[in-house]
Protein chains: 2
Amino acid sequence: MSEVQSETAVGPEERDVTELVLQDILTGMLPAGTWLKQIDLERRYDCTRPEVRRALDRLSQKRLVAHVPNRGYHVYQPDDRNAKEVGDIRVILETAVADMMVANATSDSIATLRGLARYFDEMTLTGTILEHYEANLAFHRELLLLGGNQALVDLVSEIRQRTSSAPVSQWRTRARIEKSGREHHMMIDALEARDAEELKRLIALHIRQPADTPK
Amino acid sequence: MSEVQSETAVGPEERDVTELVLQDILTGMLPAGTWLKQIDLERRYDCTRPEVRRALDRLSQKRLVAHVPNRGYHVYQPDDRNAKEVGDIRVILETAVADMMVANATSDSIATLRGLARYFDEMTLTGTILEHYEANLAFHRELLLLGGNQALVDLVSEIRQRTSSAPVSQWRTRARIEKSGREHHMMIDALEARDAEELKRLIALHIRQPADTPK
DNA sequence: GTATCATAAATTGGCGCCAATATTGGTAAC
DNA sequence: GTTACCAATATTGGCGCCAATTTATGATAC
């Protein structure tokens, strides 16, 4: 019956339920297609019914879960077409500000990026899936920030969640994770060398990588 | 006391409250800064308390209204910086697929666009603010559709709502409305002439126009 | 006359109950 | 033995009440 089994050992939960469900979807704890029964979530996250409903409504607005009236909510099944399209959008947005990123890069910001890239590498070895995921986010966020468009940074963060509903499959092989880590450093190199074209090339490659991989 | 006065003569309302509030914000009936008291909205749209709250929560997620805990919700006050940034994002996204639009344009699609452009012109004279707004949306949607990226069309529709919180000020002079109408036709001309560069130039001009205008 | 505090009114927001609907399991008929 | 129908159960989702917090008002002291 209950589609949600795994109990994340919760202490006294103070955080927002939406975030918690989001994390569990992003980390693959709630696989695509899973029916999210309100009673299960209520118990799983130790919260009330209205909180669960608000979270589900928000996530369905974000297209992360699908809502079938009188049937319930289930984790969205990402289709390949949409995934490719969103990838294209990310390439468009992130390469568009590459020139600005090169222009705005200082030795300070490059040092910060190096730190974040290294932190990502560390988390590959020692961190949880979530920590690893967030380390990746932090790096890209800091990089994008150099573009000088805060709204763009936020937007990319948003649409990033829109297809990475299957993040596990993206990062499933260690080889690919390590390749991503190396690419981070290569991007910083391009930034240091003030080579905007190379940076664009690397960004496009980096984003499309998970999608273009043969099954 | 009550910040919301105007009563839109409602019959038996069957539609979603979120859409109704959204429309009233977009059409300027609920100006920026207006406090959205739950009781007022309840009466205004003839709906229940939970419906109002769900609508307000959704709109705050979309950044259209701001939420102050224990104080309430109010229509978001758009700041110039964000407006400029979102404008830049739109230019990036919409010009990025200009080549594809030129490549995919058929005589059929051009005829459809002509129709929509003419419909926009009609609504300038005879339509309501909402009809006019939606006619504009329909034209740009159809144009973007030629880019072949459905996710991008949806995304642009979304971020479009994010700054046009002051649509009234955008369209306040008839001269500018008519200029927009002419630009629509010029875009179609460029499409017909297979001139992608000119199309990009026109799109950038068309989007930035409302923002660049001197006060 | 003005500032401050206490009291009262209003508004937000959390919580639980109950009706409507879908699903499952059992039973009977063919 | 299989299928169709019906009853029982479980789940969703709408609705209203009440506590907590904030804001407005009026009275009192300086």
Side-chain angles (χ1 to χ4, degrees), chain A residues 1-7 10-22 24-25 30-77, chain B residues 1-7 10-22 24-25 30-77:
Chain A
M1 282 290 174
S2 51
E3 305 253 357
V4 179
Q5 297 103 350
S6 56
E7 287 282 342
V10 283
E13 276 305 337
E14 299 293 339
R15 297 182 52 191
D16 182 23
V17 193
T18 313
E19 286 296 317
L20 295 172
V21 182
L22 180 65
D24 284 349
I25 292 175
L30 297 172
T34 311
W35 282 97
L36 301 168
K37 300 193 180 178
Q38 298 183 5
I39 295 184
D40 288 334
L41 299 181
E42 206 170 322
R43 285 197 266 256
R44 192 178 206 272
Y45 301 106
D46 188 35
C47 58
T48 64
R49 181 62 60 96
E51 282 181 295
V52 170
R53 257 190 252 176
R54 191 166 50 129
L56 289 172
D57 186 65
R58 283 181 178 177
L59 293 172
S60 68
Q61 293 293 308
K62 287 186 179 178
R63 300 268 176 93
L64 266 154
V65 306
H67 176 47
V68 186
N70 291 323
R71 289 278 311 274
Y73 300 80
H74 62 88
V75 181
Y76 199 83
Q77 201 93 25
Chain B
M1 283 286 173
S2 50
E3 305 252 357
V4 180
Q5 298 101 351
S6 55
E7 287 281 341
V10 283
E13 275 305 339
E14 299 294 339
R15 297 184 53 191
D16 182 22
V17 192
T18 313
E19 285 296 316
L20 296 171
V21 181
L22 180 65
D24 284 348
I25 292 175
L30 297 172
T34 312
W35 283 95
L36 300 169
K37 300 192 180 179
Q38 298 182 3
I39 295 183
D40 289 335
L41 299 181
E42 206 171 325
R43 286 196 266 257
R44 191 177 209 271
Y45 302 106
D46 188 33
C47 58
T48 64
R49 180 63 61 95
E51 282 181 295
V52 169
R53 254 190 258 177
R54 190 166 48 129
L56 288 172
D57 186 66
R58 284 181 178 176
L59 292 172
S60 68
Q61 292 293 308
K62 285 187 178 178
R63 301 268 177 90
L64 265 153
V65 307
H67 175 48
V68 187
N70 291 322
R71 289 279 311 274
Y73 299 80
H74 62 89
V75 181
Y76 199 85
Q77 202 92 22

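The structure presented is a predicted model; accordingly, all values stated were derived computationally and were not measured. In what follows, chains carry the letters A, B, and so on, assigned in the order in which the sequence lines appear, proteins first and then strands, with residues in each chain numbered from 1.
Rounded to whole Å, atom C1' of C:dG14 lies 18 Å from atom CZ of B:Arg54. Put simply, CG on A:Leu56 is 11 Å from C1' on D:dT12, counting in whole angstrom units. Following rounding to the nearest Å, B:Ile39 (CD1) and D:dT23 (P) show an atom-to-atom distance of 16 Å. Spacing between atom NE2 of A:His74 and atom C1' of D:dT11 amounts to 16 Å, rounded to whole angstrom units. Nucleotide D:dT12 holds its P atom 14 Å from the CG atom of A:Asp57, rounded to whole Å.
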(request) Report, as a single string ordered 5' to 3', how protein heavy atoms within less than 4.0 Å touch nucleotides 15-22 of chain C: B base, S sugar-phosphate only, - not at all. (result) B-----SS
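For the salt bridge (charged side-chain N to carboxylate O under 4.0 Å, His left out) test, no residue two or more places apart in sequence or in another chain qualifies with B:Arg71.
In this structure, B:Arg53 CZ and B:Leu41 CG are separated by 12.5 Å, a value rounded to the nearest 0.5 Å. Residue A:Ile25 holds its CD1 atom at 11.5 Å from CG of A:Leu20, rounded to the nearest 0.5 Å.
With C:dT11, C:dG13, D:dT12 as the choices, the nucleotide that has an atom nearest any side-chain atom of A:Gln38 turns out to be D:dT12.
Side-chain contact check for B:Asp40 and B:Tyr45: no donor-acceptor pair (N or O, by modelled atom type) lies under 3.5 Å.
The backbone N or O of A:Asp16 sits nowhere less than 3.5 Å from a side-chain atom of A:Glu19 that would complete a donor-acceptor pair.
Close to C:dG13, at under 4.0 Å from its OP1 or OP2, lies a side-chain N or O of B:His67.
Using a 4.5 Å heavy-atom cutoff, the side chains of A:Gln61 and B:Gln61 are not in contact.
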